[in-house]
*Asks:* 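Have a look at this one before I ask anything.
Here is the naming used below: chain letters follow the sequence lines, and residue numbers restart at 1 for every chain.
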Amino acid sequence: MIVEEQIREILLKAIEKTGDFKTSEIPLIIDIPREKKFGDYSTNFALLSAKALKKNPREISGKIIEKISDPSGIINDIKIEGGGFINFFVKKEAFHQLIPLILSSPHDYGKQNLGQGIKLQIEFVSANPVGPMHAGHGRWAVLGDSIANILSFTGYDVQREFYVNDFGNQMELFSQSVLARYLELLGESSEFPEEGYKGAYITEIAQKIIDKEGPKFLKMPQDERLEQIRELSYNQVLDLIKKVLKETDVNFDCFFSERTLHASGEVQKTLEILTQNGCTYEQDGAIWLKSSALGDEKDWVLVKSDGNPTYFLVDIAYHKNKAMRGFQKVINIWGSDHFSHVKRMHASLRALGLNSGILEVIIGQMVILKRGGMLVRMSKRTGEMVTLEELIAEVGRDAARFFFIMKSANSVLDFDIELAKSQSQENPVYYLQYAHARICSIFKIAEQEGIRLKEISNTDLTLLAEEPENIILKKMEQFPSVVKNASNRREPHLLAHYALDLAGDFHSYYSHYRILSDGKNLTLARLELLKALKIIFETSCALLGITAPEKM
RNA sequence: GCGCCCGUAGCUCAAUGGAUAGAGCAGCGGACUUCGGAUCCGCUGGUUGGGGGUUCGACUCCCUUCGGGCGCGCCA
């Protein structure tokens with residue numbers, strides 16, 4: 001058991017003994033004070049309970065302290081300070097037990113069962129297959145991938161899904177655009193659709209089709225060639241998307257095709273259920289959802305007056321499908337431009353008679369791409385954009401991933417390509433990776449010098465008595481709670497900051513103390529510490545989706 | 001106009017309602033012939049946009065105000 005848990009137990013027992021209140025009434029929060037003088041751990045329990053007890057917090061703390069017993073003798077001192085904080089000063093040796101704990105099951109350190117194995121689906125990126133992915137997609141890709149890693153690690157049965165919008169208006173416009181370029185390239189006159197995609201990549205797609213299929217579409221009837229061009233083009237784009245995701249090391253379990261929802265009749269069926277449940281009405285030749293009666297601000301169209309379903313209706317069918325697949329929790333990552341969809345999706349789940357609580361939406365703010373301080377405008381229509389592929393190629397995968405994931409998703413992200421590149425030598429990601437590589441390097445040298453680790457139980461860990469060693473151990477102990485926080489809040493950046501912080505502690509320690517010293521037992525003890533530390537770096541990097549190189 | 005997000009050091013960003021608000025970058029000055037100098041150590045830098053309130057305690061919660069972003073489609 002780690003020290004913090006021991007402190008918790010000691011406190012719980014003591015509070016129980018006072019008999020003044022049940023510990024379940026007031027949360028027992030154990031903090032790690034920023035100030036060293038306030039000890040290793042502290043609790044504000046007395047301050048929180050003062051009101052209920054109508055007593056002075058310092059008095060309450062005093063009473064609790066009286067009842068504290070410390071059978072395993074880990075505590076050096078207990079003090080009441082400030083308004084009534086109880087501060088614990090723990091013996092350094094108490095932290096040493098963490099090392100064998102980590103080493104006994106390296107891959108499990110930090111692992112938790114928060115999710116209790118519930119089936120959870122996370123859907124992210126879901127870029128329309130009508131053009132290459134841009135930086136914004138990159139943010140969702142990396143964020144979703146890391147959240148999925150963390151959720152799996154904390155006991156959720158996670159499935160990662162990419163929703164492919166391979167149906168509808170955008171598809172049509174897209175294929176018309178490609179066909180127009182195709183005809184142009186072959187010297188035929190063509191009419192480019194007014195709202196068509198004007199990016200240069202459309203011409204590239206058309207050229208590839210010419211390379212592969214030749215001019216065979218010139219004489220084909222319009223409907224037929226449009227359909228064939230559509231299939232060829234969209235598959236090209238989808239392949240590219242998959243390729244770039246792979247390069248970014250973002251993995252999906254499922255690419256879910258929108259078409260299947262239409263083909264299976266699920267869209268139609270969904271509309272029927274909504275109507276049966278009395279949640280729809282007709283107006284101006286369209287069918288509407290009464291979402292305003294279900295928690296949304298307004299009603300939305302389900303079926304347009306031309307008889308076609310809206311994206312919204314299909315999305316309802318899609319979420320119904322998710323629920324039918326047995327997911328108990330469904331997480332979507334959407335850009336802030338989709339914010340208004342959150343309420344209406346919840347409303348529509350209620351309209352279906354489903355628990356809207358299963359759907360959780362993470363709204364991420366946009367990415368502002370810059371190049372040397374200058375704004376890079378992004379538009380799929382005009383085609384002026386920096387693709388994710390180019391970004392990764394230019395900045396590097398790990399550096400780009402770290403840049404995306406280091407910052408909280410609910411702030412607009414400034415991504416300056418020049419900055420990310422020029423800093424590449426001092427990019428925080430290398431600081432973290434370097435810590436890992438350094439440890440590997442030490443072990444390599446230790447091996448060359450014939451230093452062999454003993455059984456951990458025969459290693460004298462009490463030799464780890466230096467202050468920085470204590471700081472590192474204490475921070476290592478926090479790892480599970482950082483993971484827990486990152487999981488509950490779906491915020492990988494917490495983990496990124498933690499890992500950087502720990503890397504900093506290590507670098508500082510390294511430059512002030514010899515690991516491979518003359519004292520053999522001290523060397524062995526320090527190597528064990530580094531072995532455990534290395535595991536935390538590896539696990540952190542894995543959860544963040546970056547590599548932990550042995551040398552750089 | 002309404003809804004949501006953001007506003008913290010020159011810049012980019014952190015901080016489950018806790019004690020003296022922290023890092024990195026940039027700037028300045030340093031690191032003993034030893035395990036990797038992609039490192040380390042020190043200094044400079046703040047009215048947490050402004051104003052009220054709740055609280056023993058507020059960057060954090062509430063109200064208000066200013067500034068920026070994103071929405072408010074029979075587009076997706």
*Asks:* If B:G18 has a Watson-Crick or G-U wobble mate with both distances under 3.5 Å, name it; if not, just say none.
*Replies:*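 Its partner is B:C56 (Watson-Crick or G-U wobble, both distances under 3.5 Å).
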*Asks:* Looking across every strand, which nucleic acid part, if any, lies under 4.0 Å from A:F312 by heavy atom: base, sugar-phosphate, or nothing?
*Replies:*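 The answer is nothing, as A:F312 stays clear of every strand by at least 4.0 Å.
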*Asks:* Does the structure show a Watson-Crick or G-U wobble partner for B:C74, both distances under 3.5 Å? Name it, or say none.
*Replies:*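 Because no pair has both required distances under 3.5 Å, B:C74 counts as unpaired.
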*Asks:* Does any N or O donor sit under 3.5 Å from an N or O acceptor when you compare the side chain of A:H507 with the base of B:A38?
*Replies:*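 No, the side chain and the base share no sub-3.5 Å donor-acceptor pair.
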*Asks:* For the base of B:G3 and the side-chain ring of A:F339, does the geometry meet a stacking cutoff of under 5.5 Å between centres and under 30° between planes?
*Replies:*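 By the stated criterion, A:F339 and B:G3 do not stack.
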*Asks:* When you compare the ring of A:F85 with the six-membered ring of B:A19's base, are the centres less than 5.5 Å apart and the planes under 30° from each other?
*Replies:*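 Ring-base stacking flag set for A:F85 and B:A19.
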*Asks:* Paired with B:G37 by Watson-Crick or G-U wobble geometry, both distances under 3.5 Å: which nucleotide is it?
*Replies:*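 B:G37 is paired with nothing.
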*Asks:* Both distances below 3.5 Å, Watson-Crick or wobble geometry, any strand: find the nucleotide opposite B:G27.
*Replies:*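 Paired with B:G27, as far as the under-3.5 Å criterion goes, is B:C43.
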*Asks:* Check nucleotides 12-14 of chain B for protein N or O atoms closer than 3.5 Å to its own N or O atoms and list the pairs.
*Replies:*
residue, atom, partner, partner atom, Å
B:U12, O2', A:K407, NZ, 2.5
B:C13, OP1, A:V412, O, 3.4
B:C13, OP1, A:D414, N, 3.2
B:A14, OP1, A:S408, N, 2.7

*Asks:* Parallel, tilted or perpendicular for A:H341 and A:W334, by the 30°/60° rule?
*Replies:*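 Aromatic pair A:H341/A:W334 classed perpendicular.
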*Asks:* Is there a donor N/O on one and an acceptor N/O on the other, under 3.5 Å, for the side chain of A:S42 and the base of B:A19?
*Replies:*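 By the distance-only test, yes, there is a pair.
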*Asks:* Side chain of A:K51, base of B:U55: donor and acceptor closer than 3.5 Å?
*Replies:*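 Absent.
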